[in-house]
Trainee: 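Here it is, the structure in full.
A note on names: the letters A, B, ... follow the listed sequences, proteins ahead of strands, and every chain is numbered from 1. As a basis for the values below, the full set of heavy atoms in this structure was taken, side chains included, without hydrogen atoms, waters or symmetry mates.
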Amino acid sequence: MNELASQRPTKPVAGEVILPARRWFGIRPGRPRPERPARPPARALTAVAIVILVGWLIVAIAAPLIAPYDPLAQSGPYYSAPSAAHWFGTDQLGRDILSRIVYGSRLSLPLAVAIVALALAIGGTLGLLAGYIGRWVDESLMRLTDLVFAFPPIILAMVVSAAFGPSARNAVLALVLVSWPTYARVVRSAVLSIRGSDFLHASRLLGVGPWQALRRDVLPNSVGPSVVLASLELGNAVLMLASLSFLGLGPRPPAPEWGAMIAAGATDLSKWWVSIIPGIAILTAVLAFNLLGDAVRDWLDPRSRRRG
Amino acid sequence: MPGSARRGTHTTLALLAAATLALAGCGSNAEDNAAAAGTAATADGSAAATLTVDASLVVKTLDPGQVYEPTGNVLVHALYDTLVTFDGADISKPVPSLAKSYTAADDGKKFTFELNPDAVFADGTPVTSADVVFSLNRLKNLKGSASPIVKDLSVDAPDPHTVVVTSSTLNPNVPTILAEPYAGILNSKLAKENGGTDAADASSTDKLTNYLNTNAAGSGPYLIESFDAASRIVLKANPKYWGTAPKFGRVVFQNMDVQNQKLTMSKLPQNELALDLAGDALTGLPKELQQSGSADSYYQLRLQNDPAVSKVTSNADWVAALQAAIDYQGVAALFGPAGKPAAGIVPTAYAGSLPESEAQKQDLPKAKELLAKSGVGDQSVKLLYPAITFGGVDLGTIAAKVQSDAEKAGIKIELDPAPIASFLDQRKGGKVPFSFSPQLLDYPVAASIVADLMPGGHTAEAAGWTAERADKETVAAAEKVLSARDSADQVEALHDWQRLMINNSPYITLVYNSTTVVAGPNLKDAVFSAAGWTVDVADIGTN
Amino acid sequence: MSETATPAASLPDDPGTLIDPDGDRPAARSGRSRSLLRFIVKKLLTTIGLLFGVTVLTFLLVQAVPGDPSTTNLTEAAQQDPEIVAAYKAKWGLDKPLPVQYLTYLNNLLHGDLGTSQSTGNSILSDLAKYVPATIELAIPAMVLSLLISIGLGMWAAVRKDRAADHTIRAGALIGLSTPSFWLAIVALYIFFYVLGIAPNGGRLSTKFRPPQDITGMYTVDALLTGRPLVFWDALWHLALPVLVLTSLTVSILIRFVRSAMLEVLDQDYVKAAYAKGLPRFTVLRRHVLRAGLVQVVTVGGLAFASLLSGTVLIEQIYSWPGIGQYAYLAALNLDLPAIMGVGLFVALVYILVNLLIDVLYGIIDPRIRVS
Amino acid sequence: MTALTIEQVEVSYRARGRGSVRAVAGVDLQVAAGEVVGLVGESGCGKSSLARVAAGLTAPTAGRILIGDTPVAPVGWRRRPAALTRLQMIFQDPGGSLNPRRTIESQLLDGIPADLTGSARTERLVQLLERVGMSDDARRHYPHQFSGGQRQRLAIARALATEPEIIIADEPVTALDASAQAQVVSLLLSLVRELDVGLLFISHDLALVHEIADRTAVMYLGKIVEQAPTRALMAAPRHPYTRALVEAIPQISAHPNLPNVLRGEVPDPAQVPSGCRFRPRCAHARAICLTEPQLREVPGGLVSCHRVEEIAAENGVTELSVAKRSVTESSVTGEIAMEASE
Amino acid sequence: MSTGEPLLTIDGLSVSLPGPAGPVPVIKQLDLRVDAGEIVGIAGESGSGKSLTALTLLNLLPPGAVVGGSIRFDGQDLLSLDRRGWQGVRGSGISMVFQDSTAALHPMLTIGRQLTEHIRAGLGLGRAAARTRATELLDQMRIPHPDRALRAYPHQFSGGMRQRVAIAIALACRPRLLIADEPTTALDVTVQAGILALLEEQRRESGLAVLFITHDLGVLSALTRRAYIFYAGRVMESGGTADLLTAPAHPYTAALLGARPHGLSAQRTLRAIPGAPVLPDQLLPGCPFEPRCTFAEDSCRSGPPPQVPTTSGRTLACVVAPDLTGEPVVNR
């Protein structure tokens, strides 16, 4: 009855085709608008962030080439001040601080990424299901996140680390444990807003199954906010990891973790280089992550894009 | 409505600010004013002056029956007198305290103490033998940390001024044990009034501890003014003290981490001393400060002797290789001026320590040779240690040093830090191949460690060092130490034993470290004592 | 709608009133108080559930730790003696099966007994009563300062968007956000105490002073109440450095939220409308922009306050500040189960109360959500 | 043939602090194949609730919906059966009804029946785009690259993908500019005629409905108050509300007048007046209006008014005169809708 | 027309907003006039610069906007005013009503506060007098129970009532010109009728001039006597409303009318305007409507058409229209 195919020739002949719409009311066929570039988000700062991060990335990858000494070896006297031989001085075991900072980037940066990625994966999945399925699944997940929120993160991480012993893996697990609820909530609220959206309704009315709709309509639209959050959280992950390490609950010695390096010098600030320099390393890395997070937010956040 | 509420808030804030200024400006308090001007006024060392002790306060209780933590011992020693005591830094011989004299029986088991009739508790009641019996029985029955030490002792009071302590085994060290803070004598009447008991079931029925945290029930030179383990503990002089009155009327123990202690002491404060400066924190201190210390702790690697647990650590050649690989002088340097490379096992503070000339030395060629001989190759072993800072040095640093020294000889070690609870728990089980920890003596006699380290002792058991595996000669040397009745004999025996232990035991002692008392330039007699209470605050005066 | 007796006559005069004008307000008020009651009851139920959850979570977590408290609370020699260990376990109830231990704890909890700390030997309640005021004394000034500074600077940045002031403020906030808190605390202590000598070296009070009589537990307040000005100033002096460090961290977090909230508000029609009415800029900013922007700041500010109140472990550690963070740290290290549970409960309670406070503040600031 | 049947449908929901609100209070409506039925009403009258229920997005509180003879089950945890995909909906916001992160092609393919495979699917896709006046290359683009009107045309193409028998359009052009409005409305109309689809066109704009609908139903506070062929309804509104609605439309003329003012405001749906719902605002209300009127047949349509014959007699005219009423005479009244519980 | 100086005269106004690639001109060469006590309309599609014109008149443009030309209001040159000067004009000289009353009223302040806060300064009244004036105003706007309304918050009102409140606020300091930016677009027709009546009443009774912005040509016809048709920041055609709408001369005006449903007239197909409104940063050198215009010639592409007066008192910006419609152009 309303078989479209029977009404139009299957292959319109070029030149004589009059599009139906044009025939009806004389309009030209609609074409997509030329793509407008997204508003360039504070380019200069983003450039700074990228330069710093790429710098750290190079340092991490080329650590053996850059580091003048073995980061674990006693290459000088204990606590020697910055000198030509040791640009950043040596630590309590006479290890070269520059080398340790260089190798430390191989630890802090990937671990921060791991923390964020795991938390995003776990929190995101749970939030997605909670928001989409709703009802008791949602209710119980929200109570669980409340529970984690109601616990001071550093204490929770400390108990976990204390329970399973200090190690990089346990520190990551502890920090994932305290940070997944944020992602769950963000994804959930994004899913909730999509659950009421017309395009999801339209999909379902077309006969798209619920799980297919979850994959095609809900998932791609709800990752945005969590990606923004994740990029903003990267810096925070570096800081949290350093805090745990500072308390002796991070990667095991003699690993050159930046937070642990600060702790080593914290007892005696007259040897300022031992803790001040790793602190600056953390600061630059976190600053770059934060700047990048801001840039990602400006780029992905629908609100700022709509303005652009 | 919300608008008016907001205006209201402005007004309230303003009023509050005004009130603050008024109160702060107009009020006054004579004591505070004196205190504010205090530093100058008390520089002459008048009796009302305050002594400040900076320490990372590690104290759970001021009950002598329960105390075992470092700061707790300092405090309890100032609050409670014991039968005998040690004078200043000299721990070679107990001196009279509540007991004006004592005699030891020839069998080395029975000790008779004669109480000083002048001794009175802070409430004025005289100290009697009943109080001593109560205190020591309570200590035993509380089943606290100190009770294993006194387990073998029994106490009798033939008359009010005589106490007889009998040990079930030969033990020439009973007077030393009874000089320790946990053997402090309580006012038994006061104690019983406040829930104290010395009954056999005291561990569950005694309710005295909470009372003792705020009230001293002893006869010591000081009383408790306030007790807050988190921030400060204040002692005040006991006005009815029967002995020589303390120089400082008030002693404030304030909780301060090491870094702060160093910064504080660097400012050369008057009437102040710090207890936790150790390791590298001791370097770079102003010369004006007085430092007093003596190596009282030893840091030891323990290797599992049971091949069923570890084929590597039970390999004598591998152990010897490791022993030769370690840079003892370098490890000692990590402890700053207070560290000494280990010669034997007994730290230098105690009689029986081997002379410094015998200190261990690194010998890498020998280590490599031994490693090759052992056939272990580069198989790696996990080194378990507690993730704490002890004696001013992070144990991770020492472990890392050992690791890198071993590496130079080709010996592979993996570090395995653990929270203290889990460290102790694991090591107790006897399944740990390789561990590392600092050790202190239970009481200031070197022989106290011998039994524990030898087969049959708990440590040896945990290290899988059984009588079958042990070298006969070494065992005999240990037995000689324990059966010595004379201290000169004992010292001789200790030397022999330690020399044998170096090559025939599953232990590698790395270093000795001392606790150091750092005191302001104007203080006098702020000396470290290895007796167990670090420093006797009642002795401290001013120049 | 009131039914009228003679509809034919009254209808033409009916002004179209849809709600009875006089019956409306009291009805609304009682409805409001009823729904407020329902709200509070619901919150309380959630609270109890949450607290229960916290006890279960802590209990399970601590049980997961290998080793038990006897290992950290007895000397090594004593641990070798089974008799002593048994006595210790019996004393703390550790010899009973887990569910029994938990039920015992819950039962005591219902009777207001949080248990006794194994590491301090005090009841948890008295420990909390001692440590919490110290933290509050840090948290409140830090929060007040943070709010004042971040609202002021955040608004300034928003008004001066993309100009020098904005860039400076944002850069400052970003750097603050990227600084490790413990590092900042150490550096501040080094500079202000060690190098310059103008700050104390941690602690709550100089040793020369006796702490004031314990009324609120906050030294500054107690010193004022008991009329000891010198103690007040001294306590204030000790507060300065930790408060400043906490403030600088909190400000860094808040300022970004304030700025974006204010930017959003500045973009609203009602701000344009306020200018169009002829109101001076300051009035518009203070009365219209600030108020609307605050709604969004309340949540973040509240959560920041909650985290300040739950103790900042590292800062308290570095400044030897005997607050709840230190207590929690020691409890975690010593595996002091009752103490960890106590801290967990306290923090959960803070979290709940702060959330409640946020809800109440919302209601005060925004009439639209006053009922729901 | 009746494509869509709405039978005695009621929709209630719980509103915060206001108790239960009956947004749709018993509505009967039929849409035949090839017919355009307009549903007009002011905001809050329940037309959108009705649209969602009719499309099967939510379940009605009472009553039922049939598409042909098949009852419509609300979308749930199942794939929608093929029979029900013959019912499609076009939404108000063209920006929100297309997934911003999927290409047009992928979204359109969702609706193309699975029995079409391979190149047939693509051909079908191109036809659909062509049908709504979009070029072929549109399929590779994302929704944000199109204007509002274009997006709405793409949404229509998607709805057509399942070869629907009935389309429910909920305010499809409200968000568009005048020129785009005209395009979309004309497109919808032509599709209905050509494909023999039934269209339920929901709008608040009587003038717009007049341009497109064969039959128009007027809704007030959850109920249909009048239903008639559109021309008749516009030319001679019988219900006082319909008349007020028609008279309120501003007209373009050489001698312009201000539109007439209807007194009062639409009541809170939670507090529906007793009897005739329009009674408090009706100039013709009498005692009889305290009982609820039923939708009844009058010559040329259905009206829910007790006094429709009397009013016609009073006025003497059935044809609408665009009489100018003085502004000052009209009583403008309103009410603060205080948030009251119950 | 009126004698003497008009209340508002806009001459050659141009406005540019900052864009990613430099300033974007959004209003170009705008001439506009409003006499005292007159309701003047501005109509056009979205993005045609209607609302920006309104914001320019109150100096409420976003930061970075560049304004050229001249605006004279009540004998004052508005563009030379400083911040304080603008404060004097806003509210008491020119005030404004926005499209969305929900957004234009502060959600957290009572109506009373929003209504009185500027009365006291603007009219120099005391607290009580300001409140009396507020009550009067609400009563004039036919808001029932003005006393209670003063204590209420915006969300407690319906959309129509909120818009009345917004008008009351705008009129509180007795401005001479009210700019109404699509005040009825978000409202139902029956509610819209009430607002239109209210504005007309204010004009008649207090001599208020109104600049009424709308996209609904029906509303334009019903309320205004003179109108300006905007497209892409330019005036396409202006003149008497009835003239413009019954006999449009400009192709754009005609297209707008064709796309509009006629209500009571006979049913017929709507004529859509091809294409989409042009964006300000995509403007070509010629007539902005040229790409969509069915009558476009080559001459339309050469440059923007000049504004020319016609004999019927209109102004027209189209080079082809005079020939098409026979509208005679007045010689300069």
Trainee: Would you name the heavy atoms of A:Pro166 and B:Pro417 that are closest together and state the gap between them?
Mentor: CD-O, 3.6 Å
Trainee: Is it the backbone or the side chain of B:Lys401 that comes under 4.5 Å from a heavy atom of chain A, or both, or neither?
Mentor: both
Trainee: At a 4.5 Å cut-off on heavy atoms, which part of B:Asp405 comes close to chain A: side chain, backbone, both, or neither?
Mentor: neither
Trainee: Flag yes if more than 12 heavy atoms outside A:Arg143 fall under 6.0 Å of its CZ atom; otherwise flag no.
Mentor: yes
Trainee: Please classify the contact between B:Ala387 and chain A as side chain, backbone, both or neither, with a heavy-atom cut-off of under 4.5 Å.
Mentor: side chain
Trainee: Identify which part of B:Ser404 has an atom lying under 4.5 Å from any heavy atom of chain A, answering side chain, backbone, both or neither.
Mentor: side chain
Trainee: Measure across B:Leu334 and A:Leu93 and return the closest heavy-atom pair with its distance rounded to 0.1 Å.
Mentor: CD2-CD2, 3.5 Å
Trainee: Heavy atom to heavy atom, less than 4.5 Å: which residues from residues 98-127 of chain A reach chain B?
Mentor: none
Trainee: With chain A as the partner chain, list the residues of residues 510-517 of chain B whose heavy atoms fall under 4.5 Å from it, by residue number, and write 'none' if nothing qualifies.
Mentor: none
Trainee: Under the rule for ring-ring contact (aromatic ring centres under 6.0 Å, His included), what residues qualify as partners of A:Tyr78, not counting sequence neighbours?
Mentor: none
Trainee: For B:Lys366, does the NZ atom sit with more than 12 other heavy atoms under 6.0 Å from it, leaving out its own atoms?
Mentor: no
Trainee: Counting only heavy atoms from other residues, nucleotides and ligands, does the tally under 6.0 Å from NZ of B:Lys431 exceed 12?
Mentor: no
Trainee: Is chain A contacted by the side chain of B:Ala399, its backbone, both, or neither, given a heavy-atom distance below 4.5 Å?
Mentor: neither
Trainee: Out of curiosity, A:Gln74 CD to B:Glu407 CD, how far, rounded to the nearest 0.5 Å?
Mentor: 13.5 Å
Trainee: Is any residue of residues 249-259 of chain A within less than 4.5 Å of chain B by heavy atoms, and which ones?
Mentor: A:Arg252, A:Pro253, A:Pro254
